[in-house]
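What you see is a predicted model; the values in this text were computed from it and never measured.
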Amino acid sequence: MSKKFGFDLLVDQATDAVARRMSFMTAAFQDDPRSHLGDSPIERLLYLALFAHTLFEEPEWFWKLERASVETLEEVKARIGFRERLILQRQVEINTIGRVDFLVHAYGDWAREPEGGLEGWRRLIIECDGHNFHTQSKEQVARDRSRDRNAAMMGLEVFRFTGSELWRDPWGCAGQIIAWANRGV
């Protein structure tokens, strides 16, 4: 086996550093119920997948990861402007809907693009429906559908991920959220 130098060596070194950091973050947060990343293991998994996805696939995006009140959120939006266009809130209480796992705010300046679109902030509710909290009884399904309709009436879109989806492909689930943010409608 030949020794690597230059760019090839840098790729290996960076890959090792990223693997060490992600291993540390995963170990630190996967079983900690007090973690600020989410209430359940699947919420923490999705959070870390979103963090890694934006870090490696969308490096120009800055994620503002905080529990922000509406007033604080508006201040954050005014401060960050157009450059940093994603804000992720965890465990947000929304009138007529209740508490949601995540609320993503994405800023789009798609009006400048040839295919058009609307400039401004859009919001996406993300729900992580694990088996422990979503038994899929008729009552739970009815509650979830009612919440989704209330969200739609407020102009919010909803993505629901099952625990199985998240465990099977956390990177792919995060990618769907990033694709929503990039869509620009």
Side-chain angles (χ1 to χ4, degrees), residues 1-68 72-73 76-92 100-110 112-115 117 121-128 130 157 159-185:
M1 184 167 122
S2 64
K3 182 127 173 88
K4 292 184 178 180
F5 297 97
F7 290 107
D8 292 335
L9 176 60
L10 178 59
V11 167
D12 286 351
Q13 291 169 331
T15 301
D16 290 344
V18 167
R20 282 192 306 274
R21 181 69 176 154
M22 288 305 296
S23 292
F24 167 76
M25 290 174 71
T26 301
F29 298 121
Q30 68 181 338
D31 295 320
D32 183 0
R34 298 162 298 150
S35 169
H36 69 284
L37 302 182
D39 287 348
S40 69
I42 59 173
E43 289 173 27
R44 293 189 291 275
L45 177 63
L46 180 59
Y47 179 97
L48 289 172
L50 281 167
F51 176 81
H53 210 292
T54 57
L55 184 64
F56 303 120
E57 298 293 330
E58 304 286 348
E60 72 277 7
W61 288 3
F62 172 80
W63 279 82
K64 183 69 177 176
L65 305 167
E66 65 178 328
R67 289 182 193 254
T72 304
L73 180 63
V76 169
K77 286 179 178 180
R79 184 176 65 247
I80 67 173
F82 305 121
R83 296 174 315 281
E84 302 110 355
R85 61 182 191 174
L86 290 178
I87 301 172
L88 176 67
Q89 293 179 281
R90 297 168 304 282
Q91 307 304 320
V92 177
V100 299
D101 295 332
F102 298 100
L103 182 60
V104 175
H105 305 258
Y107 187 86
D109 55 358
W110 300 280
R112 300 177 192 160
E113 300 295 323
E115 49 285 347
W121 289 96
R122 297 171 36 237
R123 297 180 300 167
L124 172 68
I125 292 172
I126 303 170
E127 295 285 11
C128 303
E157 296 179 67
F159 280 13
R160 289 186 175 277
F161 294 101
T162 66
S164 298
E165 286 179 294
L166 290 165
W167 284 118
R168 253 191 336 266
D169 188 12
W171 189 265
C173 293
Q176 290 178 24
I177 295 164
I178 299 303
W180 169 86
N182 278 330
R183 188 183 70 209
V185 175

Shortest non-hydrogen contact between [X] and [Y], atoms and distance:
X    : Y    : result
F102 : R90  : CE2-CG, 3.5 Å
W171 : A49  : N-CB, 4.4 Å
E43  : Q91  : OE1-NE2, 2.6 Å
L45  : L166 : CD2-O, 3.3 Å

Determine yes or no for a side-chain-to-main-chain donor-acceptor pair under 3.5 angstrom, with R122 supplying the side chain and W180 the backbone.
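Side chain of R122 to backbone of W180: a pair is present.
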Side chain to side chain contact (heavy atoms under 4.5 Å, CB included) assessment of D101 paired with I42:
CA-CA 10 Å; D101 295 332; I42 59 173; over 6 Å; no
How long is the straight-line distance from CZ of R160 back to OG1 of T162, given to the nearest 0.5 Å?
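If I round to the nearest 0.5 Å, the distance is 11.5 Å.
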Would L88 and Y47 count as a side chain to side chain contact (heavy atoms under 4.5 Å, CB included) here? Give the steps.
CA-CA 9 Å; L88 176 67; Y47 179 97; 3.8 Å; yes
Close side-chain approach of C173 and L46, heavy atoms under 4.5 Å:
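Side-chain contact under 4.5 Å: yes.
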Given the rule in the side chain to side chain contact (heavy atoms under 4.5 Å, CB included) test, do H105 and L103 qualify, once you have shown the distances and angles that lead to the verdict?
CA-CA 7 Å; H105 305 258; L103 182 60; 3.6 Å; yes
Any residue meeting salt bridge (charged side-chain N to carboxylate O under 4.0 Å, His left out) with D12, in chain and number order, not counting sequence neighbours
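Only K4 meet the salt bridge (charged side-chain N to carboxylate O under 4.0 Å, His left out) criterion with D12.
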